[in-house]
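Some notes on the structure that comes next.
Protein chains get the first letters and strands the later ones, always in sequence-line order, with residue 1 at the start of each.
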Amino acid sequence: MTLFSLARKNIKGNFNNYFVYFVTLVFSMVIYYTFTSLQYSEKIQESIELSDTMSFMFGVSSIILILFVAIFILYSNSFFTRKRKKEVGLYAILGLRKKTIAKMLFYENLVMGIIALVIGIILGTLLSKLFAMILIKLMGSTADVDFGISFLAITQTVIVFMVIILFTSVQGYRLIYRFKLIELFYAEKKGEQIPKVSLISAVIGVLLLVVSYWLILKPFPDEFTTEYLMKNYGIAFVALFIGTHLFFQSVTVYLLRLSQRNKSRYYRGTRIIETSRLLFRIRGNARTFTVIALLSSATICFLGATYSGYYSNEKRAEEVVPFSYSHLSKGPEFDSQVESIIKADHRHPIKAQLDIPVIQVKGILSFQLDYDINPVQLISESTFNKAANALNKDETVSLSRNQAAVIQPRFTEYTKSVFKGENITIQLPQGSSKLPFVHMVESNVLPFDYPDFFLVVSNEMFAEIAKKEAPLTYKVYEVENEVTAQATSKKVNKLVGNDFQVSSSFYTEYKQGKEGNAITLFIFGFLGLVFLAATGSIIYFKQLTEAYEAKGHYEILRKIGVSRKDIRKSIKKQSLFVFGLPLTVGILHSCVTLYFTSNFMSNLIGINLIVPILTAIVFFVIIYAVYYVLTVNTYNRIVNK
Amino acid sequence: MNIVVEAKQIKKVYGAKGNVFSALEDIDLTVMEGEFVGIMGPSGAGKSTLLNILATIDEPTTGNIVVDGINLTKMNEEQLSAFRRDKLGFLFQDYNLLDTLTVKENIILPLALAKLNIKELERRADEVADKFGIRDILNKYPYQISGGQKQRTAASRAIISKPSLILADEPTGALDSKSATDLLESLKDLNEQDKATILMVTHDAYAASYCNRVLFIKDGKIFTELVKGKRSRKEFFNKVLDVLSALGGGANDVI
Ligand SMILES: Nc1ncnc2c1ncn2[C@@H]1O[C@H](COP(=O)(O)OP(=O)(O)O)[C@@H](O)[C@H]1O
Ligand SMILES: [Mg+2]
């Protein structure tokens, strides 16, 4: 018998053991191939205006993906190898030479890897179409996807995985030389022992978690330095990391032990079985739980934060470019040209059309503000009210002669109280005049252009200043259904040019934001899905292995008189603990971390994080629930059939 | 005296069409309350199969079994589980202890499952622990104790719920002779003092000599039966050996 055929026989014989590992391999390959084929898809690249950003993001993510996939495969490989030490020991006892066994393991792993690679690429080709459709849908494009096989993606996938497979094959080869025969044979026998309770490390664990939560939730100081950021959050995250580990390692043991104290509860029904089994397994699971809790909290955070960007894009775009079209008046001929383009679009009829005269002046504030206010842009009270009305905002200002209202500069967090009781001195050719602030409003009228400091003044004042300083006139239009005005926006943009730092038409800003956010969302979603699937699978694999080991255990219980129904219930409870605990800790962590992120973000763009975060969490819980059901069923089939 | 076990025409057939193998053929068995019955026979004779059927772990292909007045063939899975928990006690060669539980937790498990109140549960645990002399190891785990101690733990668990019938499958099979004798003495005390009904499969003639009556099975059929009567244990032991040699064939691999 050749080594090759012996290896093949091996795989066939131990299918169950191999299956789990094989699925891991295929899964990783499918994910990686799908991702790279999207990266190289010309159709997708064409339909995106921000191609540079996209390739950069895809590139970075694909490196993260490689790292992750490599770790995942190495993890399951070592898991798988550990289960096979005994088998290897058996071959050695049967008289096979170490070298022969080593070669056999090497070939075996190689064959399996290659088969997985072929299957992975085939499945990946099917899946990449699905994912491409999702991406395109997210971006709001209408391009059709029909791409078949991407040779670039195949080459890259093959190279990456051949390296990983060769590496694991060499590892298997080395395994034989590293271990003594007796160790190989008893590899599986080293059972876990009941862990001792360490009150000290349980207390330290809780303390570290409390400290890290406190540091994260602490409000920002007035003086906000990088050093503070590094120190405060550096310590917080290290504490979170160690605290989480100690939590699983000691706190849970302590709590389970505590629950054993109450005998009349503990000695009742199957609780005694579940508690003791969980206690037995917990140390072996602590590291996995920690990784899973941290990984899932990171994923929820990223997903929540990115989704909120996507979710609130329209709101953000409306703030940055308030009207559907805005442009600087450049003479009647030019203006009517623009107007006729907009009027020609019958599918987006004009709702409102305004002139916005703006006077730029130099101003000095009566207090220190870390914002460059000059030139100050003046608009009149009536213009502001008309514009706000046209945009369906219910803000109005009414000012007496000398008063002024400030429009909150965009991307800042100044509140009313900053301006309260203060004033601004504006310098005019005929002398300066001092205007007290009586209001701060939040409705913007023109597209963003730094410095974004608008002042609303009374109509009389505006008319007076206008006599000396000719106003610029902006023409703005608000149309029905602006989110679909693609063609007209393109034409207007082309004609108008760059009057502002951002686009002059709402649609362009909206679409670019949507695409950018869609890509980020898609990539984080994709990575999140991979992390999720990987963590779910890791728990699933672990539970499966445990099920095989626990077969005898449940057989004994059946003999003692525990019904199948009760055994199933007991399995459910244990699996719920195993899936629920890291997930709960992960969700808690992510809520705390997101609170911190949202301190950063939501004020900047003024968006609501609750819905997107809840969506991310619900999504996570649902996928875990699927794994939970899968685990309970398989576990039950193994021990309770 | 009450009948504890009444099995009639038990048949057990393994395999499907064309390749059937009959492990038990028309076995009739009656055990009275307070009896200590041994079942012997060459390996492969069907002893464990019979015991497992009586234990409701396995089902007969045909036949009728009544234990303690309850007809086993008419019960569903859940009822059978409750029946095992409340009416039967088990002892196996490989102890069947749960390695995640302490000795004490192993012992009280049947009572915990039956949701007995805590006071009574503790009282009975003390009682059986004293009976089998394992008080000192109650808080140890199975991997920390010897084979003899494990089997005494298993025996404690088997009797703690005061079962109507104790079933033992080669309980001394993995024990050294000292531990085996200790266990057999304990079973005998249980039988004589507490009137426990015991059915024990063994292929050790010495173990069988502790019984009141021994059934011999060969090729799935009852071969003969020996009753101890007024004989001394030594005499009974010799009788058992005689029958075993008469069983022939498989008798070589007995002991
Ligand atoms: N699940 C099974 N499937 C097929 N044959 C079985 C099965 N269990 C036991 N047997 C066969 O039934 C016969 C009796 O087995 P068993 O009762 O275990 O014998 P023993 O008297 O040694 O305890 C043996 O020949 C055995 O091979
Ligand atoms: Mg047997």
Geometric class of the A:Tyr627/A:Phe579 ring pair [parallel <30°, tilted 30-60°, perpendicular >60°]
parallel
Please flag which part of [X] lies under 4.5 Å from any non-hydrogen atom of chain A: side chain, backbone, both or neither.
X	value
B:Phe92	side chain
B:Leu113	both
B:Leu111	neither
B:Leu116	backbone

Hey, which of A:His553, A:Glu555, A:Lys565 has the most heavy atom pairs under 4.5 Å with chain B?
A:His553
Where the side chain of B:Asn76 meets the backbone of B:Glu78, is there a donor-acceptor pair that is under 3.5 Å apart?
yes
Salt bridge flag under 4.0 Å for residues B:Glu122 and B:Lys104
yes
Would you mind checking if A:Arg277 and A:Glu546 are paired as a salt bridge, meaning a charged N to carboxylate O distance below 4.0 Å?
yes
Does any backbone or side-chain atom of A:Arg558 lie under 4.5 Å from a heavy atom of chain B? Answer side chain, backbone, both or neither.
both
Most chain A-contacting option - heavy-atom pairs closer than 4.5 Å, from B:Ala158, B:Gly89, B:Ser81
B:Ser81
Among A:Lys569, A:Arg268, A:Arg281, A:Lys573, exactly one meets salt bridge (Lys or Arg N to Asp or Glu O under 4.0 Å) together with A:Glu274. Which residue is that?
A:Lys573
Is the shortest heavy-atom distance from the side chain of B:Gln149 to the side chain of B:Val103 under 4.5 Å?
no
